[in-house]
Each structure stands twice: as C-alpha cells, then as structure tokens.
Amino acid sequence: MKRHLLIATIILINGFTLLNGQEKKWTLEECINYAVSNNLNLQRQRLQTDITRADLLRSKMGLLPSINAGSQARMDFGRSVDYRTNLITFNQNFQNSYYISSGITLFSGFTALNTVSANSFMLKAGIETEKVKRNSLIIDILGQYYSVIYSKGLEDASKMQLENSEEQLKRITKMVETGKEALSKQYEMESRVSTDRLDYTVARNTASKALTSLRQMLQIDPGSEFDVVVPELSAIVIPDESFDADSIYNIASEVLPALKAIEYQLKANKRQLAAAKGGVLPNLSLDGGIYTGFAKVIGADSTIAFSDQIKDNNSQQVTLSLNIPIFNNYVTGRSIRVARLRRDETAVMLELEKNSLYTQIENACLDYNTGKDEFLAAQSNLEFNRKSFEAVEKKFESGLLDVTVYSTARTTLFQAEMEALRTRLQLMIRRMSIQFYSTGEYEAIFM
C-alpha cells in the first residue's frame, strides 16, 4: 500500500496526447491498459480466480443427486449356477446385466451448504485479489513513468543549460578575437561548457535508461520504437486543499480491494469452520436403482427371449442410510481445529491491514499538507533565482563578473528548477494517492 504514493502521476498524462514527427508516443493510460491486458502475472491471477470459480460450481453440483447407468457381461466356464434351475451345472453360462442408480445426501450437518457458501466467498476474495494485483502492477508502472518524466525534465534542463553556456562561449570567443576579453576567460567558459556537456550526457543516459526500464516492464519488443508523452506540467493547476485522515479512512475501509479480499476470506473461513463442525453430525442419504439382465446357457435346448428376460428380471431398490460418526481417528476434530485457527489468523490479518491502512492514509494526508509548503517555497525560490540569474547574466555579458560567479548562479538556477519539478510531481503524487484511497480503482482517477 505504501507504493500507492506513486499513483498520482496518472493525472500527468491523461488528456495529453502529443506527436513527435512520425513516432507515436505512449500516454500513461495506454501503458496501463497494455500492461493490464498482457502482463503474465496478472494473467496467472485470473487463472487462479477461474479455478476458484470452478470449485464453486463443483460444490454447487454436489448438492444434486447422482445418476449412473451401466452394463456388465460375464461368461462362466466350468462349475456355475444354471439361471433356469438354480442348480449346479458345468455348462457355459453367459450373463448380461443392466442398471440405473441414483443417490442423494439428505443431511450431512449442512457441510455441503457451508462449503458452497465458503467457495462463494473465496471467489469474491479472488476477484478482489485480482484487483489488488492489477493495482500493484499499475503502481509499478506509475512509479516508472514518474521516473521517466523526472529524468526527461532533468535532461531538458541540462540541455538548456548547455545551450546557454555554448552561446556565452561563442560571445566570449568573439570578444577575445577582438581583444575585448582575456584568453583566460575563454578557457574558463570552455571548461564550463565541458562540464555542462558532461551533465547533459549523464542526464540523457539516465532518461534513456528510465525509458528502457518502462519498456521492459511493459514487455514491449526491444526492437520497437518507444517513447512517452510528457505533458506541460506548469499548465496543471495544484488546488489549494487539505485532507482529513479519518474521513479518508472511513471511505477507504469500504472500497479498497485489499481489505475486501481479506474480509471475504474471513467469511469463507467461518463457513469452512461450520462445514468442518458438520462432520460430527449424523449423515442421512437416499439411494435407489433399477436392475435387469439377460442370461443364456451355451448349448441349452431353449433360451427365453431377450426382451422377455429384460422385462421379467426387472427389479427396483430403495435404500435409506444413516451414518452416525462415533470415532474417526480425530480426523474431524483436527479439521475443526485447523479451520478455527485459519479463521483467527485471517481475523488478525484483517486488523493488521486496517491499522496499516490508517497509518498510510494518515502519513499521506500529513505529507500532502506539508508538501504544499515545500512546493510553494520551491516555486518562490525558482522565481527568485530566475531573476537573480538574469541580473548576473547581464553583468557577465557586460564584463562586470567573472565566469565563476556566472557558473555558480547558473548551477543554483538549475538546482532550483529541479527542486520545483520534484516538489510539483511529489505533491501531485501525494494528492492522487489520497484520491486512490477514496476510490480503490485507478479508472476513477482518469475521470
């Protein structure tokens, strides 16, 4: 759940679809939809849910009566019984029997009904677990998408810094050629350009690595062109609002799939315990069948016709059975004990998850409320450093300052730009994480 802090970047991409030449760029929503449809771990969880659904159907069908039909053919050699006289004979006998039988359990301590109910809750838990797995996958993608956006912002800022330094180097070089500046100042500026070029190279490689990691996470063919949409972050308005942890928790405890999955599992454990207790009660079953057959003595002078024998040999049977368990080597007792322990374990797990959820929500609300101050301070610091750098740049171009002062001012501005980007993305992440706690579904954040 802690990784839900990354979910906020979903708002960064929604609604921003940009084109760069002929190369298609992926929005965050497209990345998520692709991953949800193709991720192997998520497909495996869907198969687990289907298995649980099959178990539920099997337990429901177990409530219906069983119906069976069959036939048996037998040839007797040597000593046998003549079916006509019931006397011992040494002639060969051929017998062919047919039957249809059915059976149903009338009462089994409600074990079957409780098993159906338990499997129904397990299916619901499996569906919620599938949502948890899906959300976990989405959070991983969001986190990597955040890394791509930040690294691309760092790359763009480094590129602008390099271009600015190169322009200054061209200006100083011309002034050196005309004798207006000393050659040493050109060397200092060339050193600055070299440093900025190294920073840009590192930033570009970092952005490329982040993009590659996202492509690998999506399991896209390495030979395919892949890039992402980067929105205009400054155009996204950060609302001035605050959140209350108790209010968010009351909503989250009702909608989050992680809690729902454990709650359904707890209900299933209770039904499983009831089913295990049913094993100590008497079992009442009803069985019935229709039987007939045909027989022939090989070499006999006369044999009754097949149709007549089938009709004459017809018999019916109904059996009502009562089974009272007295001692079964503690099998039932052990089943009851294990079922009770599983129920208690799940109940503890649910309480732990609730406590953890409240802590996460409380920290998320606190982080957002304090993050607003950091964001406003970073924006203010950026504006101040921009104005400061513009003044330093003018003095530098007028020859009133040396390269060292100019480089320091440029580096300070660069750091302020990165801090403004970081705090903006961080605040949006924290806000979207709280929105996720309030919905439990990532689709609602796209609305």
Side-chain angles (χ1 to χ4, degrees), residues 3-46 130-160 200-238 417-418 420-422 424-433 435-436 439-447:
R3 290 155 54 196
H4 286 165
L5 294 178
L6 296 174
I7 199 166
T9 43
I10 201 165
I11 198 175
L12 303 179
I13 309 305
N14 183 32
F16 297 95
T17 305
L18 307 177
L19 295 177
N20 182 11
Q22 299 299 319
E23 180 184 353
K24 179 187 180 304
K25 293 188 176 183
W26 290 54
T27 64
L28 179 57
E29 187 173 6
E30 289 173 335
C31 289
I32 289 175
N33 291 336
Y34 181 87
V36 169
S37 301
N38 298 278
N39 184 265
L40 295 179
N41 288 329
L42 195 55
Q43 290 180 16
R44 181 184 179 187
Q45 183 59 45
R46 293 193 186 105
E130 185 177 325
K131 293 179 182 179
V132 173
K133 295 288 186 180
R134 182 191 62 178
N135 290 341
S136 178
L137 171 63
I138 292 170
I139 290 168
D140 289 339
I141 295 174
L142 289 172
Q144 191 55 43
Y145 216 104
Y146 163 77
S147 297
V148 171
I149 292 175
Y150 183 80
S151 61
K152 280 183 170 290
L154 180 62
E155 179 186 4
D156 292 341
S158 299
K159 183 178 181 181
M160 291 177 60
Y200 172 63
T201 301
V202 172
R204 183 179 59 191
N205 292 338
T206 301
S208 177
K209 184 178 180 181
L211 194 63
T212 300
S213 297
L214 178 60
R215 178 182 57 76
Q216 293 172 344
M217 186 177 296
L218 296 176
Q219 299 178 350
I220 297 177
D221 184 3
S224 304
E225 291 290 337
F226 179 73
D227 202 356
V228 299
V229 174
V230 179
E232 183 59 43
L233 298 179
S234 59
I236 302 176
V237 179
I238 303 294
E417 291 172 341
M418 291 300 96
L421 175 62
R422 184 191 67 81
R424 175 181 286 273
L425 289 175
Q426 180 176 271
L427 186 61
M428 296 172 70
I429 288 171
R430 292 171 177 175
R431 182 174 184 273
M432 288 298 98
S433 68
Q435 287 187 339
F436 177 81
T439 60
E441 297 287 348
Y442 83 93
E443 291 91 347
I445 301 179
F446 277 116
M447 299 174 60

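The structure displayed is predicted, hence computed values, not measured ones.
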Inset, instruction - Report the distance from atom CD1 of Ile32 to atom CD1 of Ile139, rounding to the nearest 0.5 Å. - result: 10.0 Å
Legend entry - pair Leu214-Val228: side-chain heavy atoms closer than 4.5 Å: yes
Inset, instruction - Sequence neighbours left out, what passes side chain to side chain donor-acceptor pair (under 3.5 Å) with Lys152? Give chain and number order. - result: Asp227
Inset, instruction - Quick one: list whatever passes side-chain contact (heavy atoms from CB on, under 4.5 Å) with Asp156, sequence neighbours left out. - result: none
Legend entry - Val229, Ile141, Val148 screened by side chain to side chain contact (heavy atoms under 4.5 Å, CB included) with Leu28, the one that passes: Ile141
Inset, instruction - With sequence neighbours excluded, give me every salt bridge (charged side-chain N to carboxylate O under 4.0 Å, His left out) pair touching residues 205-218. - result: none
Inset, instruction - Taking all non-hydrogen atoms of both residues into account, name the closest pair between Ala207 and Ser151 and its distance. - result: CA-OG, 3.4 Å
Legend entry - From Gln45 atom CD to Leu137 atom CG, the distance as rounded to the nearest 0.5 Å: 12.0 Å
Legend entry - Which residues share a side-chain contact (heavy atoms from CB on, under 4.5 Å) with Ser147, sequence neighbours left out: Gln144
Inset, instruction - Working to the nearest 0.5 Å, report the span between OH of Tyr146 and CE of Met428. - result: 11.5 Å
Legend entry - For the student: nearest non-hydrogen atoms of Gln219 and Tyr34, plus distance: O-OH, 4.0 Å
Inset, instruction - Could you check if a side-chain atom of Lys133 sits within less than 4.5 angstrom of a side-chain atom of Asn39, using non-hydrogen atoms only? - result: no
Inset, instruction - Indicate the atoms forming the closest heavy-atom contact of Tyr145 with Trp26, along with that distance. - result: OH-O, 2.7 Å
Legend entry - Arg422: salt bridge (charged side-chain N to carboxylate O under 4.0 Å, His left out) partners, not counting sequence neighbours: Glu419
Legend entry - Between OG on residue Ser213 and CG on residue Asp140, distance to nearest 0.5 Å: 12.0 Å
Inset, instruction - Quick one: list whatever passes salt bridge (charged side-chain N to carboxylate O under 4.0 Å, His left out) with Glu130, sequence neighbours left out. - result: Arg46
Legend entry - For Ser208, side-chain contact (heavy atoms from CB on, under 4.5 Å) partners two or more places apart: Thr212
Inset, instruction - Might you point out which heavy atoms bring Met418 and Gly153 nearest each other, and give the distance in Å? - result: CE-O, 3.7 Å
Legend entry - Non-hydrogen side-chain atoms of Leu425 and Ile149 separated by less than 4.5 Å: yes
Inset, instruction - Evaluate the side-chain proximity of Ile138 to Asn135: yes if any heavy-atom separation is below 4.5 Å, no if none is. - result: yes
Inset, instruction - For residues Arg430 and Gln426, determine if any side-chain heavy atom of one lies less than 4.5 Å from a side-chain heavy atom of the other. - result: yes
